[in-house]
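As the structure lists them, so they are numbered: ligands from 1, and atoms in each ligand from 1. Position 1 is the first residue of the sequence, and the numbers go up from there. Fair warning: this is a prediction, and the values are worked out from it, not measured in the lab.
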Amino acid sequence: MTRHFLDIDDLRADELEELLDLASAYKEKRKEGVPHPDLERRTLGMLFQKPSTRTRVSFETGMTQLGGHAIFLGADDIQLGRGEPLKDTARTLSRYVDAVVARVFSHENVEELARYATVPVVNGLTDDAHPCQTLADLLTIREHVDEGGSNGGSSNPFDGVSAAWVGDGNNVAQSFALGCGLAGIDLTIATPPGYGIDEDVLERADELGVAPTVTDDPAAAVEGVDVVYTDVWISMGQEDERDLRMDDFAGFRIDEELLANAPDAAVMHCLPAHRGEEISEEVLEGERSLVFDQAENRLHAQKGLLAWLLER
Ligand code: CP
Ligand code: NVA
């Protein structure tokens with residue numbers, strides 16, 4: 001059966017572990033210069049309705065490193081932009097390529113692509129979810145706690161790990177909440193009132209094992225945690241809400257003052273970052289920052305994902 005990857009809870013916990021192991025193995029091989037053409041002659045179609053630096057470049061170079069090929073399909077460059085239905089696009093692409101990664105606005109659009117595609121569809125970000133980011137984030141956290149030895153040597157690398165999300169309960173937050181549920185990370189989410197993650201996502205995280213704690217107090221949320229994570233206050237497509245959001249998110253910036261409550265915490269951000277808004281320059285560039293490890297891990301995690309989806 002064709003497996004799709006529309007959100008992180010499309011995976012079981014054991015599959016997540018298998019995939020992170022595969023990602024780590026690819027990371028090691030790349031570091032050692034060991035060739036790994038596991039997807040030779042395979043082609044990835046990349047359907048993008050929104051801009052991207054990390055997702056686009058990591059998928060494209062990832063396919064090259066795996067011996068395959070990627071075709072970038074900006075939505076306005078293909079007939080989709082002139083009104084060809086998604087369901088026809090999905091069925092047509094499936095006759096040419098081995099997998100499709102899609103970055104779109106509505107989450108329903110990736111669901112529709114997956115319904116009609118006969119090859120795996122990977123969510124490269126929707127308004128509601130960003131599971132490829134979460135895979136890289138979990139790989140980054142696993143490496144970080146492994147280095148610090150802070151999980152007490154348990155067989156589950158995420159045992160005893162705690163995280164706080166501070167800011168908007170957006171697409172990255174929602175997939176991260178589900179990822180924490182799946183991995184067993186104790187998560188607290190601090191958002192201004194009205195900007196929390198969806199009720200349905202809270203329920204899904206609960207079903208996976210760990211429901212996040214929800215608050216509107218950033219200082220309380222970060223107290224004593226291992227990881228503090230934030231993302232932009234204005235996501236792609238929300239540009240008209242800028243003034244309102246800048247007011248509503250005041251007090252939710254990750255800066256040294258807030259981090260005084262989390263003396264040992266590493267800091268994460270999916271990038272791109274808006275310095276001086278959701279995160280200070282000092283913190284982003286500081287010693288606690290894992291942001292470029294996260295960005296690098298997009299490459300390794302997605303190579304693991306593609307190989308896992310296509311070689312099963
Ligand atoms: N984090 C992330 O997805 O970045 P891009 O928008 O640059 O792909
Ligand atoms: N929340 C951001 C993430 C960008 C990678 C957005 O959707 O614009």
Side-chain angles (χ1 to χ4, degrees), residues 5-8 23 44-63 70 72-75 100-110 122-141 165-179 189-192 194-198 201 227-242 244-246 248-249 252-254 267-275 277-279 284 289-303 305-306:
F5 183 66
L6 304 190
D7 211 337
I8 195 85
L44 175 69
M46 299 180 53
L47 180 55
F48 277 51
Q49 285 182 335
K50 294 175 176 176
S52 167
T53 299
R54 281 143 288 269
T55 308
R56 176 178 177 171
V57 179
S58 54
F59 268 112
E60 287 195 23
T61 52
M63 276 307 281
F72 185 77
L73 306 163
V100 174
V101 55
R103 169 169 285 202
V104 294
F105 286 93
S106 159
H107 193 76
E108 283 161 15
N109 286 349
V110 281
V122 171
N123 178 358
L125 181 146
T126 64
D127 290 346
D128 294 338
H130 197 2
C132 291
Q133 183 66 52
T134 306
L135 271 186
D137 296 340
L138 293 175
L139 182 62
T140 309
I141 293 174
W165 177 277
V166 177
D168 192 12
N170 63 15
N171 43 10
V172 177
Q174 299 208 126
S175 290
F176 187 65
L178 293 172
I189 299 182
T191 67
Y195 292 97
I197 67 171
D198 291 349
V201 175
V227 171
V228 176
Y229 198 155
T230 192
D231 182 21
V232 291
W233 294 339
I234 300 144
S235 284
M236 291 180 275
Q238 296 172 336
E239 290 77 9
D240 291 351
E241 298 171 32
R242 180 168 184 85
L244 173 70
R245 283 175 169 263
M246 289 303 282
D248 288 349
F249 283 95
F252 283 76
R253 174 173 308 138
I254 307 289
V267 171
M268 296 177 70
H269 192 307
C270 62
L271 300 176
H274 288 193
R275 290 163 165 84
E277 292 183 16
E278 76 278 0
I279 190 164
L284 188 82
S289 172
L290 299 179
V291 302
F292 294 106
D293 292 334
Q294 282 177 266
E296 177 187 334
N297 281 338
R298 294 293 303 276
L299 173 71
H300 312 301
Q302 289 158 194
K303 282 165 72 179
L305 174 67
L306 289 170

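- In this structure, the side chain of Glu239 engages the main chain of Gly237 through a donor-acceptor pair within 3.5 Å.
- Note: Phe249 and Tyr195 meet the aromatic proximity criterion, with ring centroids under 6.0 Å apart.
- Of all the heavy atoms of His130, the ones lying under 4.0 Å from any atom of ligand 1 belong exclusively to the side chain.
- Using modelled atom types, one side-chain atom of Asn170 and one backbone atom of Ala173 make a donor-acceptor pair closer than 3.5 Å.
- For atom 3 (C) of ligand 2, the closest heavy atom belonging to the protein is Asp231 OD2, 3.5 Å.
- Distances between N or O atoms of Leu271 and those of ligand 1 include at least one value under 3.5 Å.
- With hydrogens and angles left out, the side-chain atoms of Thr230 and Glu278 include no donor and acceptor closer than 3.5 Å.
- Across Ala23 and Ala301, no two heavy atoms sit closer than the pair CB-CA, 3.7 Å.
- None of Asn123, Leu125, Leu305 except one satisfies the side chain to side chain contact (heavy atoms under 4.5 Å, CB included) rule with Cys132; the exception is Leu305.
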**Request:** Would you please test Arg245 and Asp240 for salt bridge (charged side-chain N to carboxylate O under 4.0 Å, His left out) and show each step?
**Result:** CA-CA 10 Å; Arg245 283 175 169 263; Asp240 291 351; over 6 Å; no

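- Close contacts of ligand 2 with Leu271, meaning ligand atoms under 4.0 Å from a residue heavy atom, involve 5 (C).
- Shown in contact with Asn170 at under 4.0 Å from a heavy atom are these atoms of ligand 2, numbered in order with element: 1 (N).
- Taking a cut-off of under 4.0 Å to the non-hydrogen atoms of Thr53, the atoms of ligand 1 that pass are 5 (P), 7 (O), 8 (O).
- Residue Ser235 has at least one nitrogen or oxygen atom sitting less than 3.5 Å from a nitrogen or oxygen atom of ligand 2, judged on distance alone.
- Among all non-hydrogen protein atoms, the one lying nearest atom 2 (C) of ligand 1 is Arg298 NH1, 3.3 Å.
- Only the side chain of Arg103 comes within 4.0 Å of ligand 1, counting heavy atoms alone; its backbone N, CA, C and O stay farther away.
- In terms of protein heavy-atom proximity, atom 8 (O) of ligand 2 is closest to Met236 N, 2.8 Å.
- Atom 7 (O) of ligand 2 has its closest protein heavy atom at Asn171 ND2, 2.8 Å.
- Scanning the protein heavy atoms around atom 4 (O) of ligand 1, the nearest turns out to be Arg54 NE, 2.8 Å.
- Ligand 2 has no atom lying under 4.0 Å from any heavy atom of Asp127.
- Remark: the backbone N or O of Ser235 is paired with a side-chain donor or acceptor of Gln238 at under 3.5 angstrom.
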**Request:** May I have the step-by-step check of side chain to side chain contact (heavy atoms under 4.5 Å, CB included) for Leu271 and Phe292, ending in yes or no?
**Result:** CA-CA 9 Å; Leu271 300 176; Phe292 294 106; 3.8 Å; yes

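- For ligand 1, the polar-atom distance check finds an N/O of Cys270 within less than 3.5 Å of one of the ligand's N/O atoms.
- The distance from ligand 2 to the heavy atoms of Leu125 drops below 4.0 Å at these ligand atoms: 3 (C), 4 (C), 5 (C), 7 (O).
- For the pair Arg56 and Phe48, the cation does not sit on the ring face, since its NZ or CZ is not both under 6.0 Å from the ring centre and inside 45° of the axis.
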